[in-house]
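Input: a single structure, listed below in structure tokens.
Just so it is clear, the model here is predicted, and its values are computed rather than measured. Remember, it's 1-based here, ligands and their atoms both numbered in the order they're listed.
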Amino acid sequence: MRTRKFAAVAAGLTMAFALAACGGEGAGSGNDSTDAPAGGGETAAAGDQTIGVAMPTQTSERWIADGDAVKSQLEEAGYTVDLQFANDDIPTQTQQIDQMILQDVDLLIIASIDGTALTSQLDAAGAAGIPVIAYDRLINGSENVDFYVTFDNYNVGVQQATSLLVGLGLLNEDGSENPDAPAGPFNIEVFAGSPDDNNAGFFFNGAMDTLKPYLDDGTLVVPSGQTEFDTVATLRWSQEAAQKRMEDLLTSTYSGGEELHGVLSPFDGISRGIITALQGAGYGPTLEEGLPVVSGQDAEIASVALIDQGVQFSTIFKDTRKLATESVRAAEAFLQGEEPEANDTETYDNGVKVVPSYLLESDIVYADNITELLVDSGYYTAEQVEQGS
Ligand code: GAL
């Protein structure tokens, strides 16, 4: 948003001096105060503009795919891209964003690690007139979040719980009641994502609202009694932490011969940790051989292969290519001095304001629609699905 940017001339100069004082050469930026049209209002060509893209981690393949998709689509549109991954380490991410602001990037696209830890970075971005797009994860506690591109996160949770109910035979894949459903009761355990990630609560609420009637009428039982978000959350979405919690649950609650039938998992990495713990305790190794039904999210290739092999039951496919396209569309609008088109202006309150959002739809992946959803769309090749990499 050049107009807003030029309105912050003083802040921009401060940044330029700071840059000079730090000895930063600003290479690749080439778009600092020198190319500012005197009157403002004019938009610079894409080729002169740099976009900072901050992604959380490379340990999960989805974020690598996101980073690649955003970078390549921005480059195709003619922008220069500074793409950084932060190893799931908050100070690393704040430093990367500080650096981008110091280099006077024209716009920031940020998938935060901790949605509440970026307030001072966003203050600085706001002062410098740099528009900020929150990518997939909302950034909380700041008015300087200009737009949010994501999926319908509550509905992702609904889909996760739906797939669990399908796996237990209570629903059909189209979501309708199975008239021949087994009576149950079924023993389940529930896991949530990282408590510092705004999405985790949306996934969990969507899922628990969907499971509630079945919990209320006794079709589903949580033998551990652990159903509160804070108790079942998994910091940084860690596979190891999830495996450990599942092992602990098996010891504390299932060592007397009780059988576990299903596990609500909010993310494929967590699902694989859970499955490892279950197999280690003698379940399975496949669903057919008694492995509990485990849900997931992100259609990570390792989990898609497990679904194909009848080990993990389901995942949620969020097409990162589409998310990248929406973020590029929003970026282009801001850089042309316009407001990007939102399709939700109510749901995502970050504590300071409701952030205009563009929400995409997701799909449930089962063994029988892997080809249709993931291979035919070109997301993976059949070989990748077979090899799991
Ligand atoms: C969430 C994201 C999920 C999953 C998770 C762990 O913020 O919406 O799709 O990727 O992080 O990385």
Legend entry - Residues lining ligand 1 [heavy-atom distance under 4.0 Å, listed by chain and residue number]: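 For ligand 1, the residues that come within the 4.0 Å heavy-atom cutoff are Arg62, Trp63, Asp136, Arg137, Asp197, Asn199, Phe203, Trp237, Phe267, Gln297, Asp298, Lys318.
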Legend entry - Residues forming a ring pair (Phe, Tyr, Trp, His ring centres under 6.0 Å) with Tyr254, sequence neighbours excluded: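 So Tyr254 forms no ring pair (Phe, Tyr, Trp, His ring centres under 6.0 Å) with any residue.
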Legend entry - ring pair (Phe, Tyr, Trp, His ring centres under 6.0 Å) partners of Tyr379, counting only residues at least two apart: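 For Tyr379, the residues satisfying ring pair (Phe, Tyr, Trp, His ring centres under 6.0 Å) (neighbours in sequence not counted) are Phe317.
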Inset, instruction - Could you list the residues that satisfy side-chain contact (heavy atoms from CB on, under 4.5 Å) with Lys322, not counting sequence neighbours? - result: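 Residues passing side-chain contact (heavy atoms from CB on, under 4.5 Å) with Lys322: Asp319, Leu360.
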Legend entry - Single-linkage hydrophobic cluster Phe334~Tyr135, side-chain heavy atoms < 4.5 angstrom: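 Looking at the clustering, Tyr135 is in the same group as Phe334.
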Legend entry - Charged N-O contact under 4.0 Å between Lys353 and Asp349: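 Salt bridge absent between Lys353 and Asp349.
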Legend entry - Other residues, nucleotides, ligands: >12 heavy atoms within 6.0 Å of Glu143 CD: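 No, the 6.0 Å shell around CD holds no more than 12 heavy atoms from other groups.
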